[in-house]
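Have a look at the structure below, then the notes.
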Amino acid sequence: MNKIRVRFAPSPTGPLHIGGVRTALYNYLFARKHGGDMILRIEDTDQGRFVPGAEAYIIEALTWLGIKFDEGVHVGGPCAPYRQSDRKPMYRAYADQLMDSGWAYYAFDTSEDLDAKRKEYEQEKKNFQYDASTRDMMSNSLTLPDEEVQRRLVSGIPYVIRFKFPVNTEIHIDDLIRGEVVVNSNLLDDKVLFKSDGMPTYHLANIVDDHTMEISHVIRGEEWLPSAPLHVMLYKAFGWEDTMPRFAHLPLLLKPDGNGKLSKRDGDRLGFPVFPLQWTDPVTKEVSSGYRESGYFPEAVVNMLALLGWNPGIEQEFFSMNELIDLFSLERISKSGAKFDLKKAHWFNHEYLIAKTDEELAGLFIKILEEKNIPVEPVYVAKVCSLVKDRVNFVSEMWEQASFFFVTPQSYDEAVMKKRWKENTPTIMQDVKNMLDGLADFSEQNIHDALHAYSEGKGLGMGQVMIPLRIALVGGTFGPDLQVIAAMLGKEEVKRRIDKILSVTI
RNA sequence: GGUCCGUUCAUCUAAGGGUUAGGAUUCAAGAUUUUCAUUCUUGCCAUAGGGGUUCGAAUCCCCUACGGACUACCA
């Protein structure tokens with residue numbers, strides 16, 4: 001068997017969205033699993049939709065996620081160039097080959113002609129399709145005399161090259177995910193292969209490139225299934241059937257709110273990033289959030305995406321990239337579309353977060369602290385991380401859970417104050433302050449013992465002591481063990497915070 | 001409209017003719033926690049509908065319904 005070679009072939013019309021990321025991931029897993037090659041090809045045959053920066057974005061996003069390429073536009077390789085605009089000179093000869101063998105023809109119909117035709121049909125409630133039933137009445141090299149065709153070609157009149165579908169032929173697609181799909185050629189239209197601007201369309205360029213790059217498996221989104229018959233016919237027309245790649249059409253990623261496939265336009269409307277990295281539209285300057293900037297870990301994104309449409313059939317839920325490679329198989333890809341689940345995405349990130357070491361988390365949290373001009377002591381920050389990581393999904397949420405470790409509370413939870421701050425509380429707090437002040441060793445254990453001794457001695461419930469003290473130190477009823485917090489803050493700071501709450505409540 | 005693809009808890013999914021239809025997330029309750037979170041336990045919740053085939057169907061076939069993709073000189 002020939003070497004496994006797969007490609008991820010995005011069009012640089014904007015940022016890659018997570019559906020595209022998943023397609024890239026599955027290609028990557030498949031290639032690695034079989035010791036094959038992974039190729040990045042840029043399909044920029046549509047000059048009108050080219051977006052500057054999109055290609056660099058795609059590369060940066062996949063690099064961030066740990067998806068590596070063996071060949072491609074950014075790393076080179078034996079089949080270079082890997083950008084279709086750079087391969088432009090080679091496509092014409094292939095189109096000519098199809099002309100010579102009778103599989104294609106020149107068509108001179110203008111967009112206006114075609115629009116008019118479509119309107120005309122629409123009025124009769126019919127669908128216009130450029131195919132065997134209509135091509136005879138159009139303006140093309142099948143209907144025009146040879147001399148006229150030649151005259152038009154030499155005089156520079158715009159034309160396209162269309163594929164000439166055979167009449168009433170069953171085309172079989174052997175899809176690795178969907179099984180056999182059969183389509184009759186009468187239902188297909190004579191697709192444009194070569195545009196009047198001198199560029200090939202996706203269909204031609206894609207087949208030529210997959211062939212010349214010796215691609216063994218085409219793993220792409222389901223939106224390509226309807227044009228797969230054309231692609232199969234092209235391989236046949238070129239005489240490349242023997243080396244035609246196997247096809248695998250992936251189920252789509254759907255919007256969480258119900259209808260339709262996830263698309264680039266959804267942006268932040270749905271409450272979660274649609275893009276791996278933040279993207280600023282070069283024209284509108286509109287900013288769309290990215291997973292990276294939102295605080296997702298790349299491993300969590302990969303894990304979550306891998307399981308959206310595929311599963312290994314075991315109950316394990318967490319997989320490293322290497323484990324995914326080891327377990328991956330096209331046979332276990334599901335057929336139906338998957339909706340993105342925001343809550344589960346959060347959960348995945350949370351699990352990856354708590355699995356990090358305190359030092360790793362501290363390194364990330366320190367960046368946030370520095371932005372707030374908080375002086376940082378790495379060992380202290382790591383301790384804080386160990387105490388609050390259970391309660392957050394993202395590093396960005398840590399400030400909210402841990403600010404009191406760094407700054408005195410600026411306000412106190414009013415609802416809790418109303419309920420917990422009793423008439424005798426100020427006296428208790430004053431006692432607690434004095435008692436803590438007397439502690440020579442301000443350790444967790446000593447604080448704990450002292451607090452318990454105090455409340456028992458006074459015949460008070462622990463709640464009457466601890467809750468007001470908690471409010472004084474953290475601002476509300478949340479956070480880790482109070483003795484630990486007090487010890488970390490230090491005696492003087494604890495005394496200051498008690499004074500402060502007493503001063504504002506009197 | 002036409003063609004193609006699909007349909008198991010709210011969501012991701014397992015079960016490839018024989019299981020009380022399993023797991024995970026979410027949600028709810030309880031235990032723990034002097035707070036909050038964690039953790040643990042428990043619970044709720046599904047084979048779209050109808051016909052076949054079969055001793056036996058989530059699984060195979062057909063019809064219907066619903067969802068999706070495609071239907072450009074876009075990819």
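Lettering follows sequence order; numbering is per chain, from 1. Hydrogens, waters and symmetry mates are skipped; everything else that's a heavy atom, side chains included, is used. Note that the coordinates shown come from a computational prediction; the quantities given were computed from them, not determined experimentally.
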Quote, to the nearest angstrom, the [atom1] distance that separates [N] from [M].
| N | M | atom1 | result |
| --- | --- | --- | --- |
| G49(B) | U54(B) | P | 23 Å |
| A65(B) | A72(B) | C1' | 32 Å |
| U32(B) | U26(B) | P | 23 Å |
| C45(B) | G50(B) | C1' | 25 Å |
| U42(B) | G1(B) | P | 50 Å |
| A24(B) | U34(B) | C1' | 34 Å |
| U47(B) | A58(B) | C1' | 5 Å |
| A14(B) | U8(B) | P | 10 Å |

Rounded to the nearest Å, what distance is computed from the [atom1] atom of residue [X] to the [atom2] atom of nucleotide [N]?
| X | N | atom1 | atom2 | result |
| --- | --- | --- | --- | --- |
| Gln401(A) | U38(B) | CD | C1' | 12 Å |
| Lys344(A) | C9(B) | NZ | C1' | 12 Å |
| Leu230(A) | U71(B) | CG | C1' | 13 Å |
| Trp347(A) | A24(B) | CH2 | P | 9 Å |
| Asp197(A) | C73(B) | CG | P | 12 Å |
| Asp189(A) | A72(B) | CG | C1' | 9 Å |
| Glu317(A) | U13(B) | CD | C1' | 9 Å |
| Phe165(A) | U71(B) | CZ | P | 14 Å |

Of all the nucleotides listed ([options]), which has the minimum atom distance to the side chain of [X]?
| X | options | result |
| --- | --- | --- |
| Asn127(A) | A75(B), U71(B), U34(B) | U71(B) |
| Leu252(A) | A69(B), C12(B), A37(B) | A69(B) |
| Ser334(A) | C4(B), C74(B), U13(B) | U13(B) |

Assess whether one donor atom and one acceptor atom, taken from the side chain of [X] and the base of [N], lie less than 3.5 Å apart.
| X | N | value |
| --- | --- | --- |
| Lys191(A) | A72(B) | no |
| Arg178(A) | C5(B) | no |
| Ser196(A) | C73(B) | yes |

Heavy atoms only, 4.0 Å cut-off, all strands: where does [X] land among base, sugar-phosphate and nothing?
| X | answer |
| --- | --- |
| Gly313(A) | nothing |
| Arg420(A) | nothing |
| Ser455(A) | nothing |
| Asp175(A) | nothing |
| Gly309(A) | sugar-phosphate |
| Asp481(A) | base |
| Ser227(A) | nothing |
| Arg220(A) | nothing |
| Val160(A) | base |
| Glu124(A) | nothing |
| Pro10(A) | nothing |

If the cut-off is 4.0 Å, is [X] near the phosphate of [N], judged by side-chain N/O to OP1 or OP2?
| X | N | answer |
| --- | --- | --- |
| Thr45(A) | A75(B) | yes |
| Ser11(A) | C74(B) | no |
| Lys195(A) | C74(B) | yes |

Next on the checklist: If you assign Ser111(A) and Leu225(A) each to the RNA chain B nucleotide with the nearest heavy atom, which residue ends up on the more 5' nucleotide?
Outcome noted: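 In this pair, the answer is Leu225(A).
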Checklist outcome for this item: Comparing Val181(A) with Phe478(A), nearest RNA chain B nucleotide closer to 5' gives the residue Val181(A)
Salt-bridge contact [X]-[Y] (side-chain N to carboxylate O under 4.0 Å):
| X | Y | answer |
| --- | --- | --- |
| Glu299(A) | Lys356(A) | yes |
| Glu55(A) | Arg83(A) | yes |
| Lys164(A) | Asp190(A) | no |
| Asp358(A) | Lys389(A) | yes |
| Lys383(A) | Glu444(A) | yes |

Item to check | Plane angle bin for Trp399(A) and Phe365(A) - parallel if under 30°, tilted between 30 and 60°, otherwise perpendicular | outcome: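 Geometry flag for Trp399(A) against Phe365(A): tilted rings.
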Checklist outcome for this item: Exactly one candidate in Asn27(A), Val6(A), Ile215(A) meets side chain to side chain contact (heavy atoms under 4.5 Å, CB included) with Ile39(A); the answer is Ile215(A)
Checklist entry - Heavy-atom count around Glu414(A) CD within 6.0 Å, excluding the residue itself: above 12? => result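 No, CD of Glu414(A) has 12 or fewer neighbouring heavy atoms, counting only those of other groups under 6.0 Å.
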